[in-house]
Amino acid sequence: MQRRQFLRAGAALTAGCAVAGPLGLLSWSPRAEAANLSVTLTARRGNVTMIDGTQATLFTFSHNGQMSFPGATLVCQEGDTLTVNLVNQLYTRVAFKVGGTAIRTTVNSRSSRAFSFNAPAAGTYLYYDDQNNGVNRIMGLHGALIVMPSGIKNRSFSGGPTFVRQYKWLLGNVDPVWGQQVQSQGDNRVTQINPDSFMPRYFTINGLAYEDTHEYNTEISGHYGEAALVRLLNAGGMVHSPHFHGNHVDIVSVNHQNFASNRKKKDVVSMFPLDVRDVIFPFNPPPDAWPPVTPNRMQHFPMHCHAEMSQTAGGGLYPHGMHAPIVMGMAPAQESDLNQTVNNLP
Ligand SMILES: [Cu+2]
């Protein structure tokens, strides 16, 4: 059974419940009515393999028993009620906060709690543990919550620009020394780690470093004219500066401020820690190309972060960092999970 068929079957059998795909997204298709959705997120510790083979000890919000860096992508629409069943397997208190909102709860060490809240306004949100001056978040306790406008599948907010595909790029950093401290001194060590000791050695998009970013949720692909919405979130501890080659992007939303018109065009998008910005990559034929680009001519471009060290792994291995491929002139071999959910589910 193909993944798409599986999602269809799952949606038919368990409407309103979580469907665990690779990213554990909540199933969603445009609906006239609001729904109650639920997902279990388990805060746990474990090792995640970095691009150079290093095992880094992280905390994650797991939806399927496995380590999940970042946590499951939760997709819903305005008006929905979400219930997050928080299970804390860590020997330290965990918080669950939705950035830019008052939605927040905590779960004590080795405890669990069902936490319900109304979906915030349509947009892109970082959910994360906001304790210990960012240490818990950077240790991996974070994920994306995507709220679609009610009944709309091709705009990120009512009146916003249309897109054909949408992607999520969740930026993260890993400092393996913090993980070593937790492993040797226990989970509650995070309450003692000085955030200024942060020395990131791995720089990821959706938990992946280049060349692993040749992956259907991270590599952006489309025919000319098929605009893509890219939802950028910075869960890391440093400023990132994603630079898009091929096209400039339209800035659609900055930290939940939506721009329905007069959008700025940028080639570099500043991403401070906790920033959330949505951009449209228009998939226009590159205007400076000569000879002019023909309709199906495939072209490859990068997005790379201009924070120099983020292009490396393990203290210098170039270019195994925050770098994602962009393929113009061709549809992706497999649609991203967001598009499978938004466009293809019944
Ligand atoms: Cu550049």
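As the structure lists them, so they are numbered: ligands from 1, and atoms in each ligand from 1. In what follows, every heavy atom counts, from backbone to side chain, and hydrogens, waters and symmetry copies are set aside. None of these values were measured; they are calculated from a predicted model.
Around the Cu ion (ligand 1), protein N, O or S atoms at a distance under 2.8 Å total 3; waters are neither shown nor counted.
For the pair Arg110 and Tyr91, the distance from NZ or CZ to the six-membered ring centre is under 6.0 Å and the angle to the ring normal is within 45 degrees.
Salt bridge Arg45/Asp187: present, at least one basic N to carboxylate O contact under 4.0 Å.
Legend: residues meeting side chain to side chain contact (heavy atoms under 4.5 Å, CB included) with Gln131, ordered by chain and number and at least two apart, are Arg93, Ala95, Arg104, Asp129, Asn136. By the side chain to side chain donor-acceptor pair (under 3.5 Å) test, Ser197 pairs with Trp178, sequence neighbours left out. In this structure, His223 has no ring-ring contact (aromatic ring centres under 6.0 Å, His included) partners at least two apart in sequence or on a different chain.
For the pair Phe203 and His240, the minimum side-chain heavy-atom distance is below 4.5 Å.
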